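Numbering of residues begins at 1 and proceeds along the displayed sequence. These figures come from a predicted structure and were not determined experimentally. These values consider heavy atoms only, across backbone and side chains, with no hydrogens, waters or symmetry-generated copies.
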Amino acid sequence: MSVIIAGERSGVGKTTVTLTLLASLCRRDRSVQSFKVGPDYIDPMFHQHVTGRACRNLDPVLTSQAYVQQCFARHSQESEYALVEGVMGLFDGISSLVISHLSSVKNKAQSRATAFLSPCVGKQVALSQGFLGSELCNRGQRTNDKGQITDFASTAHIARLLDLPVVLVIDCSRLSGSVAAIAHGYQSFDPRIKMAGVVLNRVGSDRHLSLLKDSLESLQLPILGVLRRQDNITIPDRHLGLVPTAELPELDAVINRLADLGDTCFDWQSLLPLLKSKPLPISPSPHFATPSSPVRIAIARDRAFNFYYQDNLDLLQQLGAELVYWSPLVDPGLPKDVQGMYFGGGFPEVFAQQLAENISARDAVKTAVLKGMPTIAECGGLMYLCDKIIDFENKSWSMAGVLPTSALMGGRLTLGYRRAVALQDNLLVKTGETVYGHEFHRSHLTSTPSQPLFETYRYDTEENMGYEGWALPVNVHASYVHLHWGQTPEIPQQFLKQCLKIAS
């Protein structure tokens, strides 16, 4: 069945509880597939480090509701157990007038969704004129009197969409008897949510635990775990969240301590049956025509560049690409005989000096771009293609020099889903087409192109967020907007089509 680990708000310890469960399961030699609600890249890295399996993102904004269901159904059955980590607080989503937003999407997008549409669990997705049918699986959507879906893409939305019970993590560090009011509120707020139980986190003492249990007794809500305050188990963070796994040499020791904790702090007799995977209806995987010989794509992957959705990489391979990983930090140049480049996001600002000192790699990238090699660069990748990165200490570091601008680090966080409308034909999309993505960065560019790539809007309102992205030269797609291609396979198809021109 699986469960969703939810929080009553951000910062209550969802990731710690999830990693503790995963670590303890894996220590028992149980195969477990993890999922993460939302667009986050870093938490899935920790999941994968523990399980050895790529964590899958479940995000109906970046993909669709039908895609979320099929992604979960397909991957959860590849292991004995499955576990979903939620995002923010249980009901924290976005207010989305889905019909008004999607009615502006071109007919091509509607055809695309129809082609990849699969039945929702228990009901067929309906289609309506001018609107992506995969977003019409209304089961479990909360609406207000204005017709707005008030918790779209929330943990609760995913729980209803996948028909999964919720385990609520409560931070008990500053409360005792009030825990019952919190638990009762979450349990009763939406009767469609099946609350499997609670995990009490940051419990201070036996006396503290006794007060919490006494308060919860009347709710008849199972206590599935109790985690005491753990001063010796910490995962460092910085300006965009947790420090990625590749930068934590002591991570295995932390995971071992979590596994030790997990062996004793959970009610495994109750949890194991909930976590057990069960067969779900799966639509056949789409068949893609592939080239006679693989298209070799250089994927920048190291401590500076590591923000990739596994589904994107899988799609490239299904479409006939051979993925060749390399490091702009340490490799002297590009891998041999590649026909395309993909730079994901990450933390190039943290490693700006090392990137700048690897002159041969920077020169190789610039030369390849100027010779016409198709190149995707998202967020951190965009920053690497700039002339310079100016870090938090105002130090300037030379980058690849493809784009005539610099990336300047600052304190202001740019964060949120984006609806991006293409303003020109480019490497991935045509003029007028709409894509949905996510921004998360603390840098901005010192100059903008005269012909930007996108005009962007907030996903859940008509608020214009301005112009964004570079398509100069024509073979480059460089943008702060992260894209998930699960619902839009024509994007990687278009990319590989251009790469084939280099190969021929």
In short, L19 meets I235 closest at the heavy-atom pair CD1-CD1, 3.9 Å
Scanning both residues in full, the closest heavy-atom pair of L500 with V295 reads CD2-CG2, 3.4 Å
Salt bridge (Lys or Arg N to Asp or Glu O under 4.0 Å) filter on E439, not counting sequence neighbours, yields R418
query: Do the side chain of Q424 and the main chain of P452 share a donor and acceptor less than 3.5 angstrom apart?
result: yes
Open item on the list: Less than 4.5 Å apart, side chain to side chain, heavy atoms only: is that true for Y459 and I94?
Closed with: yes
Donor-acceptor pairs under 3.5 angstrom involving side-chain atoms of residues 400-409: please list them, not counting sequence neighbours.
{"residue": "T405", "atom": "OG1", "partner": "T446", "partner atom": "N", "Å": "3.4"}
{"residue": "T405", "atom": "OG1", "partner": "T446", "partner atom": "OG1", "Å": "3.4"}
{"residue": "T405", "atom": "OG1", "partner": "S447", "partner atom": "N", "Å": "3.1"}
{"residue": "T405", "atom": "OG1", "partner": "S447", "partner atom": "O", "Å": "3.1"}
{"residue": "T405", "atom": "OG1", "partner": "S447", "partner atom": "OG", "Å": "3.1"}

One should read off an interatomic distance between S479 OG and L382 CG, to the nearest 0.5 angstrom, of 7.0 Å
Does S64 form a side-chain hydrogen bond (donor to acceptor under 3.5 Å, both in side chains) with Q487? I'd like the steps, not just the answer. CA-CA 7 Å; S64 72; Q487 189 68 23; 3.0 Å; yes
Tightest non-hydrogen contact, residues F351 and L329, listed as CB-CD2, 3.6 Å
Mind checking whether Q48 and R53 have side chains closer than 4.5 Å, heavy atoms only? no
Next on the checklist: Less than 3.5 Å apart, any donor N or O on the side chain of N57 or Y41 sitting next to an acceptor on the other?
Outcome noted: no
Between V481 and E468, is the side chain to side chain contact (heavy atoms under 4.5 Å, CB included) condition met? List the steps. CA-CA 9 Å; V481 179; E468 197 276 334; 3.8 Å; yes
_Side-chain donor or acceptor of D425 paired with backbone N/O of T431 under 3.5 Å_ = yes
So NE2 of H441 and CD of E349: to nearest 0.5 Å the spacing works out to 11.5 Å
* Residues T15 and E85: side-chain donor-acceptor under 3.5 angstrom -> yes
Under 3.5 Å, is there a donor-acceptor pair between the side chain of T20 and the main chain of T16? yes
Do side-chain atoms of S360 reach the backbone of P332 as a donor and acceptor pair under 3.5 angstrom?
-> yes
- Task: Decide whether N475 and Q498 meet the rule of one side-chain donor and one side-chain acceptor closer than 3.5 Å.
- Result: no
Smallest heavy-atom separation, A361 atom then D331 atom, equals CB-O, 3.5 Å
### Query
Can you find a pair of side-chain heavy atoms, one from P328 and one from D302, that are under 4.5 Å apart?
yes
Side chain to side chain contact (heavy atoms under 4.5 Å, CB included) between D43 and L242: does it pass, once the steps are laid out? CA-CA 8 Å; D43 286 354; L242 295 178; 3.6 Å; yes
Short question: side chain of S76, backbone of S277 - any donor-acceptor pair under 3.5 Å? no
Hits for side chain to side chain contact (heavy atoms under 4.5 Å, CB included) against E80, two or more places apart or cross-chain, chain-then-number order -> R30, S31, K276
N/O donor-acceptor pair under 3.5 Å between E378 side chain and L483 backbone: yes
V421 meets the side chain to side chain contact (heavy atoms under 4.5 Å, CB included) criterion, sequence neighbours left out, with T434, Y457
message = Taking OH in Y467 as the centre, count heavy atoms belonging to other residues, nucleotides or ligands within less than 6.0 Å. Is the count above 12?
response = no
field: Beyond-backbone contact of Y81 with S2, side-chain heavy atoms, under 4.5 angstrom
entry: no
Smallest heavy-atom separation, A54 atom then Q310 atom, equals CB-CG, 3.4 Å
* **Flag side-chain contact, heavy atom, 4.5 Å: V87 against S154** => no
Checking V369, D363, L370 against K366 for side chain to side chain contact (heavy atoms under 4.5 Å, CB included), the one that qualifies is L370
Exercise for the section: Begin with the C-alpha distance, continue with both residues' side-chain angles, and end with the deciding distance and a verdict on side chain to side chain contact (heavy atoms under 4.5 Å, CB included) for M45 and F307. Expected result: CA-CA 9 Å; M45 294 181 197; F307 289 5; 3.6 Å; yes
Tightest non-hydrogen contact, residues P39 and Y417, listed as CD-OH, 3.4 Å
I'd like to know if the side chain of T456 and the backbone of G466 have a donor-acceptor N/O pair within less than 3.5 Å.
yes
| said: Evaluate L58 against L162 for side chain to side chain contact (heavy atoms under 4.5 Å, CB included), listing each step before the verdict. | reply: CA-CA 10 Å; L58 303 176; L162 301 180; 3.9 Å; yes
(request) Run the salt-bridge test on K430 and E490 with the 4.0 Å N-O cut-off and return the result as yes or no. (result) no
With Y384 as partner, the option from F347, F305, Y342, W397 fulfilling ring-ring contact (aromatic ring centres under 6.0 Å, His included) is F305
Distance col, row I282:CD1 vs L280:CG, nearest 0.5 angstrom, shows 7.0 Å
Under a 4.0 Å threshold between the charged nitrogen and the carboxylate oxygen, would R74 count as salt-bridged to D311? no
Do Q65 and H157 have a side chain donor and acceptor closer than 3.5 Å?
yes
Under a 3.5 Å distance rule, please check whether K36 uses its side chain to pair with a backbone N or O of C55 as donor and acceptor.
no
Exercise for the section: Kindly indicate, with the supporting measurements, whether the criterion salt bridge (Lys or Arg N to Asp or Glu O under 4.0 Å) is fulfilled by R419 and E455. Expected result: CA-CA 8 Å; R419 179 165 51 94; E455 185 171 13; over 6 Å; no
*Check whether any side-chain heavy atom of T18 sits under 4.5 Å from a side-chain heavy atom of F46, and report yes or no.*
no
- Query: Looking only at side chains, do N358 and Q354 share a donor and an acceptor under 3.5 Å apart?
  - Reply: no
Do I376 and L428 touch side chain to side chain, with heavy atoms closer than 4.5 Å?
yes
Self-check item: Check: Y480 ring centroid to H444 ring centroid under 6.0 Å
Solution: no
Residue set satisfying side chain to side chain contact (heavy atoms under 4.5 Å, CB included) with M88, at least two apart, ordered chain then number -> S10, D92
>> Quick one: does any side-chain atom of T63 pair with a main-chain N or O of V61 as donor and acceptor, under 3.5 Å?
In response: no
pair F343-I299: side-chain heavy atoms closer than 4.5 Å:
no
- Please determine if R296 and D337 form a salt bridge, counting it only when a charged side-chain N lies under 4.0 Å from a carboxylate O. no
Contacts of A298 meeting side chain to side chain contact (heavy atoms under 4.5 Å, CB included) (sequence neighbours excluded), chain-then-number -> W326, L334, P335, V338, M341
* **Flag for D59-H438: side-chain donor and acceptor within less than 3.5 Å** => no
Within a 6.0 Å radius of atom CD on Q451, are there more than 12 heavy atoms belonging to other residues, nucleotides or ligands? no
Is a donor on one side and an acceptor on the other found under 3.5 Å between the side chain of N312 and the backbone of W485? yes
ask   = Side chains of Q33 and T51: is there a donor and an acceptor less than 3.5 Å apart?
value = no
